[in-house]
Amino acid sequence: MLDEIFDNFSKNSIFKNKRTLQANYTPEVIRHRESEIKQIASILAPSLRLEKPSNLFLYGVTGTGKTLSVKYVVSQLLEKAKTGGFNLRIIYINCKLKKVADTEYRILAELLSALGKKVPETGLPTDSLYKQFIEIVNEEDQLLILVLDEIDQAVDKIGDSLLYNLTRLDSSLKGSQISLVGISNRLTFVDTLDPRIKSSLSEEQIVFHPYDAVQLKDILTQRATEAFKEGVIGDGVLDKCAAYAASEHGDARRALDLLRVAGEIAEREGGNVLEMKHIDQSEQKIEKDSVLDIVKSQPKQFQLTLLSIIENARNYNGTAFYTGDVFEKYSSFCQEARAKQITQRRISDIIGEFDMLGLITTKVISRGRGGKTREIRLAINKSLVEKVEGILRDNLSV
DNA sequence: CGAGATTCATGTGAAGTATACCTTTAGGCTTAA
DNA sequence: AAGCCTAAAGGTATACTTCACATGAATCTCGTA
C-alpha cells in the first residue's frame, strides 16, 4: 500500500532539485548583487595576504541578500586561501536563534564550538570563555573573520558588551588577527552603540537595498529553472510570487519560500502543475508555520502569558488592553493549571519579549490619572489565533 | 481660571535568591613498586 | 609513592523575585482675577 504512495511520489515529483529554493542554498551566480559582492570582496581581500581587513558592517532589511553575499564571498575566499596555503578561518554565527545564542555567554559558546571546542552551557564565568577563545586562536597564527548575523537583535537584548569585548580582543592576540563582519536589519543600529564600538566596528559599511519586483522575478526565474522540472510552472505564478514579496519590502527569501512551499503543496495534491492558487495557500501556510513554531518553542511561563493575552484579545475584541488585565488572567490560568505563578514584574518583561518577537504590538502609554501602562494588541490574524490557542490549551491543560 | 501638586498603575533599574551546573581540591582507597 | 575516584567547596549563568524609584498626563487644589 505504501509502496504505491512512495513510487508515485518519486515518479511524479515536479521538483528537479528542491534544494535550490531552500534558504541556505548558495547559487553559483548571484544576481543583482554584483556590486555589493565586489565591495565585500575588496574589503575582505587583504585577508589573503594575512593582513587584517577592516571591520565591516552590512545593513538591509531581511531577504536582501546580505547573508547570501557574505557567505558567497567567504566561500570563495576560503577556496583561495586553501590553494594559497593561508591560514584563514571564518566563523558564521546567527545571533538571533533563541536558546542558542541570545546571551553573551551563549554566543561565545557558539563561537567556541565553531572552533571545535565544546563548552558547558552554564557554570563557567564568561571571561573564562574569552580566555579559552584567545587561547585557541593563539594556538597558531591565523586570520579570523567573524560574521555575526542579526546582531542588532542580540544587542537589543544583551547590550553591547559583547561587541565591545570583541573589538578589543586584538590586543591580547599574538600572531593572529580578528575582523568582524556585522549584519543588521536596522539601519539605525550603529547609532545606538557606544561611540567607541561604533567607530571601530563600522570602518566600512555597505547598505543592501531591497530588490524591486523585476529583480525578484529574475531571481525567482533563475532559481525556479534549477528547482523545477520543465513546464510545471503555470502562467503568471512567478509574477505573483515576485509581487507578493515585493510588497513585503523586497524580501527574496520570502519569495523563494513561497515558491518552494507552493511546490510542495502542488506536489502533495498530486498535480503536476504549479498554479496561482498554490501560491495563496502557500502564503497562509508559511505564516501559520512560522508563528506556530515560535509559539511551540516558548517556555511554559511564556505560553501561559501568551494564552492570557489571547484570552484578553478576545474579550476586548480588537480594542487594546493592558498589562494588569493580562496579569489577572494569567493568575487565574496558573491556578487552573496548578502552575507556579510568576510576579507581575516578570510578566511585564515577558510581554516585552513577545513584542520583540512580533506576536503582539505594545505601546507604553500614560492614562493620566489612570496610571502608566502598556497598551497591548495581538498581531496575529484571527484564524491563526484559534490554532495557537488550541495548541497552548492542549499543552498547558487549561 | 490656571499653575502647580497629587495621583494612579505600572514601567524600569538594581540587587538579591534559587537552581542547575562547572571546576578545583582534599580525602580516601587501590595499586604497584 | 603514585594513581584514581568521589564528594565537598567554591564559583557562575539564568530565570525569577524584591525593593525602590521613575513616569507623565488626568485630576485635584487653591490662590487669584
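We name chains A, B, ... by the order of the sequence lines, and we start the count at 1 in each one. The structure displayed is predicted, hence computed values, not measured ones.
- In summary, A/E389 and A/R314 engage in a salt bridge, as defined by a charged side-chain N under 4.0 Å from a carboxylate O.
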Audit row: A/K117, A/F133, side-chain contact (heavy atoms from CB on, under 4.5 Å) steps and yes/no: CA-CA 9 Å; A/K117 174 96 181 179; A/F133 178 67; over 6 Å; no

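- Along DNA chain C, the nucleotide nearest to A/T103 and the one nearest to A/G123 differ in position, and the one closer to the 5' end is contacted by A/G123.
- A/R367 places its CZ atom 13 Å from the C1' atom of C/dG24, with the value rounded to the nearest Å.
- Within the 4.0 angstrom heavy-atom criterion, no nucleotide atom of any strand lies near A/S128.
- Between the P atom of C/dG24 and the CD atom of A/E375 lies a distance of 16 Å, rounded to the nearest Å.
- One interatomic measurement links the two molecules: CD of A/E121 to P of C/dA15, which rounds to 11 Å at whole-angstrom precision.
- The side chain of A/R346 places an N or O atom within less than 4.0 Å of a non-bridging phosphate oxygen (OP1 or OP2) of C/dC16.
- Side-chain N/O atoms of A/T122 include none lying less than 4.0 angstrom from OP1 or OP2 on C/dT14.
- Note: A/F189 and A/Y59 fail the aromatic proximity criterion, with ring centroids not under 6.0 Å apart.
- Following rounding to the nearest Å, A/D349 (CG) and B/dA14 (P) show an atom-to-atom distance of 13 Å.
- Computed from coordinates, the A/L124 CG to B/dT24 C1' distance equals 12 Å when rounded to whole Å.
- Residue contacts for A/Q301: at a heavy-atom cut-off of 4.0 Å it reaches the sugar-phosphate backbone alone, with no base atom in range.
- As rounded to whole Å, 15 Å separates atom C1' of B/dG11 from atom CZ of A/F327.
- Checked for salt-bridge contact, A/E375 and A/R367 miss the test: no charged N lies under 4.0 Å from a carboxylate O.
- At the heavy-atom level, A/Q341 lies under 4.0 Å from the strands shown only through sugar-phosphate atoms.
- Taking side-chain N and O atoms only, A/S366 has no distance below 4.0 Å to OP1 or OP2 of C/dG24.
- We find that CD1 of A/I347 is positioned 14 Å from C1' of B/dT10, with the value rounded to whole Å.
- Salt-bridge check for A/K240 with A/D280: passed, with a basic side-chain N closer than 4.0 Å to an acidic carboxylate O.
- At the phosphate of B/dA9, neither OP1 nor OP2 sits under 4.0 Å from any side-chain N or O atom of A/R345.
- The separation between A/D355 atom CG and B/dT12 atom P is 11 Å, rounded to whole Å.
- Looking at which nucleotide of DNA chain B each of A/K372 and A/R369 is closest to, the 5′-most match is held by A/R369.
- For A/T126 and C/dA13, the shortest distance from a side-chain N or O to OP1 or OP2 is below 4.0 Å.
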